[in-house]
Amino acid sequence: MNLFSDIRALVIDSLNAMVAEGVLPAGLDMSAVAVEPPRDAAHGDMATNAAMVLAKPAGLSPRMIAETLATRLGADPRVLLAEVAGPGFLNLRLAPAMWQGVVNAALMEGRDFGRSTLGKGVKVNVEFVSANPTGPMHVGHVRGAVFGDALASLLAFSGHEVTREYYINDGGAQVDVLARSAFERYREANGLSPEIREGLYPGDYLIPVGEALKEKYGDTLLDKGEQYWLADVREFATAEMMKMIRGDLAALGVTMDVYSSEKALYGTGKIESAIKALRDMGLIYEGTLEAPKGKLPEDWEEREQTLFRSTAHGDDVDRPVMKSDGSWTYFAPDIAYHFDKVQRGFDLLIDVLGADHGGYVKRLKAVVSALSGGRVPLEVKLIQLVKLWKNGEPFKMSKRAGTFVTLRDVVEQAGAEVTRFVMLTRKNDAPLDFDFDKVLEQSKDNPVFYVQYAHARVCSVIRRAAEAGIAADDATLRAADLAQLAHEAELSLAKKIAEWPRLVEIAARGQEPHRIAFYLYELASDLHALWNRGNDDASLRFVQEGNVATSQSKIALARAAGVVISAGLAILGVTPAEEMR
RNA sequence: GGCCCCGUAGCUCAGGGGAUAGAGCGGCCGCCUCCUAAGCGGCAGGUCGCAGGUUCGAAUCCUGCCGGGGUCACCA
């Protein structure tokens, strides 16, 4: 149930009736007609811009349209009052029964309240994390992982068919480095001293890999040349790293549906056929690129390369797909990978990338545009950096100094759920401060705590009711008589609850899971406010000793708020708290 | 130099065509014989970076500047 879309439908019906009556001309475009909560509650419950939007195309004064519309809307039993205001706004005040209905709907639909069919029939692929399989995940990956996962949940909640996907970069030189690093640990496991040369991965996490290699190969590789063992060790170590990464993701509460391998694109003709598809469109050619303006790379030299004409699809310059030695650039398998995603029938591709990949966006969009014939949009969500704080100071990370923070460190110190919520309290393209002290603080400075506290209070009310002998299970609350839920303070909370389905749609359309977090904070704030009103005015307490029916209507309201908090937290991947400790 | 992102209260940030621009923190003043004060209410604080343009209406869209960050061909 979405009260805003219901009322918008009523407005559109009324406008159509006015067209039928000849008050408005036929053929008006009504797509810009909106029904929204006004900024100022004094203006009513909902406002529509219909008169102002239609005035010009209809050739009528906004005032005249608004007044005729107001008369019509005012006749509907759902509308208490419709009045024209300002330049032609139409402010609506709805009957209390509408808000009571929202409370009941939240209880009836439970965690499905707010679920929509917005994305019905739309297959979406969300590719995120895609960390190189060369070591454990670090903080830099965490935000992208949390964002991608929450976005996927949000889209699923709005009716999309969602696939969560991880692209394993196991095809480049970095996995050779991994193999060599693991080999040194293998030598170490065999009692030799490892030579972790400059450029190899020094991390301890490869020690067990070295031991596992010894387990598998004994000492048989020790005297062999690299060409003998590299491929096997690479495959073994990569698999071990992916095991570790899956474990890291699981610790964060993230589960992928599909893992795709870059390496699997090589030697299978996939890259060649993707490039051929582009070549057939005349988008591949041999040529030289102009030197970039401004600071030149020191070793710049003009050379002929195989290029993708990405400028034909909105890019600034064409991009090389093949190195001068004839091997593919990183871009080539990426072309094949995105081609593969298009061929798997997705209607929308989303890539979640670090902000440092900003320069890569246009060429990816160009590829997808070309290879899907413009059918499949690619959205790239760039994730800005996370700045860590500890003891009031920025926490510097350095791989060399060994002070880089792993995902496990963060999860162990802050907890997976707190981490998830805090990472989602900022939009993806804004930098985020993550303060280890703050996120664990139990106060309203800490949004996770604040929202959890609100939910715990709802649970507390229900426990209290039980102690007072008042039935307050969901089945009872669904049948509660909500007619007495009429106080302005109570309806105000119900109105916030009514916004939830609309908010979910807006968040899903904009692919902005942070809106969920902000909404939950506001909802929690409204609940805390009502709770405190109970301090001054005993009649506003949820539990009214000795008055079962009244208590149940008030508890139903609280429970409805709790249900929405649960639903919202579920999208963010956070479990609601039953009580605070 | 090109491209991308950002610029809103002292600080950290929401809002991204609609009415008098919001929240938290910080500052000041209040609220517990009462469901968790881990909370709530109020006050103070703004030329929404600047200048044009589009529009009935611009913090929001467009253009150009200014400031900050990112990124820029045989790395992935």
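Each chain gets a letter, A, B and so on, in the order its sequence line appears, and its residues count up from 1.
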Among side-chain atoms of A/Q552 and A/T476, is any donor-acceptor pair under 3.5 angstrom? no
Should A/F89 be counted as stacked on B/A19, where stacking needs a ring-centre gap under 5.5 Å and an angle between planes under 30 degrees? yes
Could you tell me how far B/C3 sits from B/A59 if I compare only their P atoms? Round to whole Å. 27 Å
Given B/G18, B/C13, B/A73, the nucleotide with the shortest approach to the side chain of A/N49: B/G18
Do we get A/R319 above A/F331's six-membered ring, with its NZ or CZ under 6.0 Å from the centre and within 45° of the axis? no
In whole Å, what separates the P atom of B/U63 from that of B/C4? 10 Å
Reading nucleotides 31-42 of chain B from 5' to 3' and marking B where a protein heavy atom lies under 4.0 Å of the base, S where only the sugar-phosphate is that close, and - otherwise, the string is ---BBBSBBSS-
Anything under 3.5 Å between a protein N or O and an N or O of nucleotides 53-64 of chain B, put it in a table, one pair a line.
from: B/C56; atom 1: OP1; to: A/K56; atom 2: NZ; distance (Å): 2.4

Does the pair A/R502/A/E505 count as a salt bridge with the N-to-O cut at 4.0 Å? no
Give a yes or no on whether a donor-acceptor pair under 3.5 Å exists between the nucleobase atoms of B/A19, that is its base, and the side chain of A/N91. yes
Taking the basic N atoms (NZ, or NE/NH1/NH2) and the acidic carboxylate oxygens, is any pair closer than 4.0 Å for A/K341 and A/E127? yes
Could you measure between the two C1' atoms, the one in B/G49 and the one in B/A9, and give it in whole Å? 15 Å
Is the phosphate of B/U71 approached by A/R363 (side-chain N or O, under 4.0 Å from OP1 or OP2)? no
Salt bridge present between A/E488 and A/R533 (N-O < 4.0 angstrom): yes
Distance check, P atoms only: B/U71 and B/C11, in whole angstrom units. 26 Å
Quick one: what's the B/S/- string for nucleotides 4-12 of chain B, heavy-atom cutoff under 4.0 Å, read 5' to 3'? SSS-----S
Check whether any side-chain N or O of A/H514 sits under 4.0 Å from OP1 or OP2 of B/G15, and answer yes or no. yes
Separation of B/G15 atom P from A/E36 atom CD, nearest Å, is 15 Å
Derivation of the ring pair (Phe, Tyr, Trp, His ring centres under 6.0 Å) call for A/Y521 and A/Y450: CA-CA 7 Å; A/Y521 187 88; A/Y450 188 77; 4.5 Å; yes
Salt bridge check, A/K496 against A/E522: does any charged N sit closer than 4.0 Å to a carboxylate O? yes
